[in-house]
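Notes follow the structure.
Letters A, B, ... are given to chains in the order of the sequence lines, protein chains preceding strands, and every chain is numbered from 1.
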Number of protein chains: 2
Amino acid sequence: MNFVLHLLRSQQKMKTKNKKEESGKAEDKIIQAARKLFTQKGYSAIKTRDIAQEAGVNLALLNYYFRSKEKLFEIIMKENFEKFMKVISEVVDNEKTTVKQKIEMLVANYIDMLSGNPDMPLFVLSHGKQDPQRMKMQAKFINSYFLKQVQQEIKSGKIAPIHPANLILNIVGLTIFPFIGRRILQSNASISQEQFADLMEERKVMIPKWIDAMLKVK
Amino acid sequence: MNFVLHLLRSQQKMKTKNKKEESGKAEDKIIQAARKLFTQKGYSAIKTRDIAQEAGVNLALLNYYFRSKEKLFEIIMKENFEKFMKVISEVVDNEKTTVKQKIEMLVANYIDMLSGNPDMPLFVLSHGKQDPQRMKMQAKFINSYFLKQVQQEIKSGKIAPIHPANLILNIVGLTIFPFIGRRILQSNASISQEQFADLMEERKVMIPKWIDAMLKVK
DNA sequence: GTCTATAATTCGATAGAC
DNA sequence: GTCTATCGAATTATAGAC
């Protein structure tokens, strides 16, 4: 009798597996749902039921795969922080590119990445608490070859003296602030989805030029 | 018998009242606590019990004075939005100041205001939903005398052509982004509380100069 | 692995004493 | 006006069937 039951279950499992492969496995669907919702609205505003529904799976599966809401959130938070840092680390320690080129790459890479993840900046900056993640992000800039190059250009008089923190705030602020203020900018029909995308493409070209002009100001 | 009870109650009321006057009335203490906590961590992350405890009053008093958590939150949200808009509206439609002066005032007024309310930007930008408040904020800029002046200076060739949205994003982004990224900037001991304040004072002077240089860039 | 049902806890809100 | 006590709904998490 048990053999029959087991057989039935195995068949069902196969069918289920085949069906799931069309739309991804449950574990993936949960991660995807969690990524979307947590990034959009943060930890507290999202309920585990929201995630289960968005994923199209049963509530119990969240705990089966991830033990708790908090563990699941930590995965998403880590993902987002790392995606955020990757842009910096890929650019900032390259010894073959100039200051100007690095700024161009930082701006372009961030705008490209954020165009596909527009809610990430608000998420990352809102959930900056006691995380060890951020120390890495900061260190990435502070000890970078980029800042050494900048110091050198200041000494040689090529650019005006500027506090490194102010330079970083300017580059990062000009680049990612539009995504932070995106909803306010759009929600009045004055700026549509497409217009926003066009603006960002324009800024991709202009921000490096603007920064260049700013760096001449004493 | 009822008279005695009433007398006792009145005396207790007097005592309570006197004591409360030292640290403000209950209603005020609740508002202050709600302002602090909601602005710091947003609506969902804060529980009514947190507010009651921070205010040093009983949980039931929140509903006695404000009917619900949501009503209380709306008061705080309105406060913050209006404080945010006030800076703009005080500057942007003045017909006696130049573009340059308006930018100087916007930057200085925002930095001064935010130095006392550093969590406000993240709060305002996070809770931008379906609120009618934002339409006002947007309209403030879009139909402003400031933008008319800018258009004129573009026509006269005094400044290079620029999309109004980009100009606004630049001014506002450079000014308030440091407060949004403040925790990440500070939490690594690399930038202390005082250093941050110094940086902001420096930016108060530099941002208008930077914008000025940017506006020459074609 | 996935589901149903439910336990355990938290949270917003209220009733009623004083 | 303020407090204690508690209700009812919402929410996270788990037990157990399949």
Side-chain angles (χ1 to χ4, degrees), chain A residues 1-31 33-34 37-38 41-74, chain B residues 1-31 33-34 37-38 41-76:
Chain A
M1 177 56 170
N2 261 337
F3 293 100
V4 176
L5 276 176
H6 185 55
L7 182 62
L8 282 171
R9 279 174 217 159
S10 294
Q11 287 179 338
Q12 194 185 357
K13 198 172 172 178
M14 290 291 289
K15 250 193 275 180
T16 304
K17 199 184 172 188
N18 285 336
K19 193 168 66 180
K20 293 299 175 191
E21 271 169 359
E22 290 171 17
S23 57
K25 309 192 167 155
E27 189 172 354
D28 291 335
K29 292 198 291 185
I30 294 170
I31 282 270
L37 296 180
F38 278 145
K41 303 202 181 176
Y43 178 79
S44 307
I46 293 300
K47 311 305 172 188
T48 53
R49 280 174 169 76
D50 303 332
I51 297 173
Q53 187 178 15
E54 172 78 24
V57 302
N58 190 276
L59 173 60
L61 283 191
L62 268 70
N63 297 48
Y64 175 75
Y65 282 114
F66 303 100
R67 233 180 70 81
S68 72
K69 178 188 179 186
E70 210 175 335
K71 300 274 183 201
L72 180 54
F73 179 76
E74 276 166 19
Chain B
M1 178 56 167
N2 262 338
F3 293 100
V4 177
L5 276 176
H6 184 54
L7 182 61
L8 282 171
R9 279 175 217 158
S10 294
Q11 288 179 337
Q12 193 185 357
K13 199 172 172 180
M14 290 292 289
K15 251 195 271 183
T16 303
K17 200 184 172 189
N18 285 336
K19 192 166 69 180
K20 294 299 176 194
E21 273 169 356
E22 291 171 16
S23 55
K25 309 193 167 151
E27 190 172 353
D28 292 335
K29 292 199 293 184
I30 293 170
I31 281 269
L37 296 180
F38 278 144
K41 304 201 181 178
Y43 179 79
S44 305
I46 294 300
K47 313 303 170 189
T48 53
R49 283 171 169 80
D50 301 333
I51 298 172
Q53 188 178 13
E54 172 76 25
V57 303
N58 191 276
L59 172 62
L61 283 191
L62 267 70
N63 297 50
Y64 175 76
Y65 282 115
F66 302 100
R67 233 180 68 83
S68 73
K69 179 189 177 185
E70 210 174 336
K71 299 273 182 205
L72 180 53
F73 179 76
E74 276 167 17
I75 292 172
I76 304 303

Take the protein atom CZ of Arg67(A) and the nucleotide atom P of dT14(D), then report the distance between them rounded to whole Å. 7 Å
Listing request: all salt bridge (charged side-chain N to carboxylate O under 4.0 Å, His left out) pairs with a residue in residues 60-74 of chain B, at least two apart in sequence or in separate chains. none
Would you mind reading off the distance between Glu70(B) atom CD and dG12(C) atom P, rounded to a whole angstrom? 12 Å
Rounded distance in Å - CG (Leu72(B)) to P (dC11(C)): 17 Å
I want to verify a distance call: between dT2(D), dT6(D), dC3(D), whose nearest atom is closest to the Arg49(B) side chain? dT6(D)
How many Å lie between NZ on Lys69(B) and P on dA9(D), as a whole number? 19 Å
Nucleic acid contacts - residues 58-66 of chain A versus DNA chain D, non-hydrogen atoms under 4.0 Å: Leu59(A), Ala60(A), Asn63(A)
When rounded to the nearest 0.5 angstrom, what is the spacing between CD1 in Ile51(A) and CZ in Phe73(A)? 10.0 Å
Within less than 4.0 Å of OP1 or OP2 of dG12(C), is there a side-chain N or O belonging to Thr48(B)? yes
Give the minimum heavy-atom separation between Lys29(B) and Ala55(B), together with the two atoms involved. O-CB, 3.5 Å
Scan residues 42-53 of chain B for pairs that pass salt bridge (charged side-chain N to carboxylate O under 4.0 Å, His left out), counting only residues two or more places apart or in two chains. none
Whole Å only: how far is the CG atom of Asp50(B) from the P atom of dC11(C)? 8 Å
Whole-Å distance separating the NZ atom of Lys47(B) from the C1' atom of dA10(D): 11 Å
Which value, rounded to the nearest 0.5 Å, describes the distance between Leu61(A) atom CG and Phe66(A) atom CZ? 10.0 Å
At what distance, to the nearest 0.5 angstrom, does OG1 of Thr48(A) lie from CG of Leu72(A)? 9.5 Å
